[in-house]
Number of protein chains: 2
Amino acid sequence: MTSRDSGTRTRKAPTERRQEIVRAAALVGLTEGLECITLRRVADELGVQPGLVSHYFPAADTLVAEAFTSATRAELDGLLPEGPAGPGHETPLSTLRRFFVLIAGTEFDNVSKLWLNARHLSRYRPVLRDHVVDQELLWCRRIEQLIAAGTGTRLFHCANPWAAAVRILVAIDGSSAYINTSAGARTDPISDLARTVAERELGLAPDTLATL
Amino acid sequence: MTSRDSGTRTRKAPTERRQEIVRAAALVGLTEGLECITLRRVADELGVQPGLVSHYFPAADTLVAEAFTSATRAELDGLLPEGPAGPGHETPLSTLRRFFVLIAGTEFDNVSKLWLNARHLSRYRPVLRDHVVDQELLWCRRIEQLIAAGTGTRLFHCANPWAAAVRILVAIDGSSAYINTSAGARTDPISDLARTVAERELGLAPDTLATL
DNA sequence: TCGGCAATTGGCCAGGTGACCAATAGCGGT
DNA sequence: ACCGCTATTGGTCACCTGGCCAATTGCCGA
């Protein structure tokens, strides 16, 4: 009576339905928070009964974890396209510039919130924790590859690309830690830090990464 | 029947009882997480009925917020004693050294978890959010004072103590972001970053802050 | 000493959660 | 064309939460 699609029951291929559920859960997690990923919430996002979600994910933890992975993997692909070379004629420097411009934008706010959310929730949910660790490593490796590409062409000067990538990510995560609290205040020194650390780690002149 | 103190009802002064409740809640929040601060959990921590906690804190949000403030304020006083000069014959440099040694220790882990916890929970709880913002400013100001004291005696060289304090805190918060996930891996580049940033911001030679 | 105020009790409620299950109905294979 | 597998339904269950309230009882002041 309350559902708009009352009566119409559409049956989909298991893999397709499963993917659909994960995507819906990822959207909920990204916009409202991972703790809002409940069987019922995801269910009426899809116009479906809670039991169906429960059928594909007998344990809700698994859905939360997969939703997180789905969201962050997609985001990373948007920030730093895979592969040693970018799609067009891009240098590691221009890719890195674009990366810093993107993460400074307000569209990245939800992603910052998601990471914060996931890192805290990992305290209680081992399954999620494993996925978060995997994604942390993935993001770090992606940056490391970019740095390695840049040092190869003498654009960057960096003895240890892995350590540099770790430190850049620490600075980024530190900056986005305040997304739910002091986001409005003290923005200048905060948002600058990640870029500054990157420039220092890669032997770039100050403000090299500031603009496109 | 289930409570060990069944029958014995001790009546305390309102302010004392209230403080007792906040302290118990702070302990629960610090060790188990802020979402574990429930009326019942705090109540049987004190061997008391849930309704009593509910009486002093009609809204649970307020208790959570006050518990967070209580815990972090106590921790800050342990890390950086108030006042321009330390208790003994301490220089700003030795105080800062002790600070970095303390936050690198495992005793600080629960505090890192608490900050992460609070920053995420602030997304949903405005009351907590206000308290977190206050504490962020307090911690920042405390560090700023220390830096200012150091620049006064030419120990530190720093044009903008406030911006330096902000950046040092960003680095610290970035380092502690992984406390629930990759705490074990990649520790070296991570834990180094905060100290390195501080040394650079204050014009200190590398590794100056590494040991006592 | 004793009365009354308020701290404290102990129980209630509605709402939300994950997990579970029998019954139904859509769809692919024969 | 139809039959069987299974995706999907729709409901139930126990559990835990915060908020609420009348009754009780400890303690302070008169």
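In this text, all values refer to a predicted model and were calculated from it rather than measured experimentally. Letters A, B, ... are given to chains in the order of the sequence lines, protein chains preceding strands, and every chain is numbered from 1.
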Pick the nucleotide of DNA chain C nearest each of B:Pro14 and A:Leu39; which residue has the one closer to the 5' end?
B:Pro14

Polar side-chain contact B:Arg11-D:dT25 base: donor and acceptor under 3.5 Å
no

With the side chain of B:Ala60 defined as its heavy atoms from C-beta on, choose the nearest nucleotide among C:dG18, D:dG18, D:dG26.
D:dG18

Just checking B:Pro50: base, sugar-phosphate only, or nothing, at a heavy-atom cut-off of under 4.0 Å?
nothing

What's the closest nucleotide to the side chain of A:Ser54 if the choices are C:dA19, D:dG19, D:dT8?
C:dA19

Atom-pair distance (CD on A:Glu35; P on C:dG16), nearest Å
17 Å

Measure from the side-chain heavy atoms of B:Tyr56 and tell me the nearest of C:dA7, C:dG26, D:dG10.
C:dA7

Contact check, side chains of A:Glu66 and A:Arg18, non-hydrogen atoms, under 4.5 Å
yes

Under 3.5 Å, is there an N or O donor on one side and an acceptor on the other linking the side chain of A:Arg17 and the base of D:dT8?
no

Take atom CZ of B:Arg97 as the centre, draw a 6.0 Å sphere, and report whether it contains more than 12 heavy atoms from other residues, nucleotides or ligands.
yes

Using the side-chain heavy atoms of A:Thr38, tell me which of these nucleotides is nearest: D:dA7, C:dT8, C:dG18.
C:dG18

To the nearest Å, how far apart are B:Arg18 CZ and C:dT8 C1'?
17 Å

Regarding B:His131 and B:Glu136, is there a side-chain donor-to-acceptor distance under 3.5 Å anywhere?
no

At under 4.0 Å between heavy atoms, what does A:Arg40 touch on the DNA or RNA strands: base, sugar-phosphate, or nothing?
base

Determine: side-chain N/O of A:Gln49 to OP1/OP2 of D:dG10, distance under 4.0 Å, yes or no.
yes

B:Leu52 has its side chain closest, among D:dG10, D:dC20, C:dT8, to C:dT8

Checking A:Asp44 side chain against A:Gly47 main chain: does a donor-acceptor pair fall under 3.5 Å?
no

Nearest-nucleotide comparison on DNA chain D, the residue closer to the 5′ end among B:Thr10 and B:Phe57:
B:Phe57

Figure out the CZ/C1' separation between A:Arg125 and C:dT17, and round it to whole Å.
11 Å

Closest of D:dT9, C:dG26, C:dA7 to the B:His55 side chain is C:dA7

Do A:Leu209 and A:Leu93 have side chains that get closer than 4.5 Å, going by heavy atoms?
yes

In whole angstroms, the gap separating P of D:dT6 from NZ of A:Lys12 amounts to 20 Å

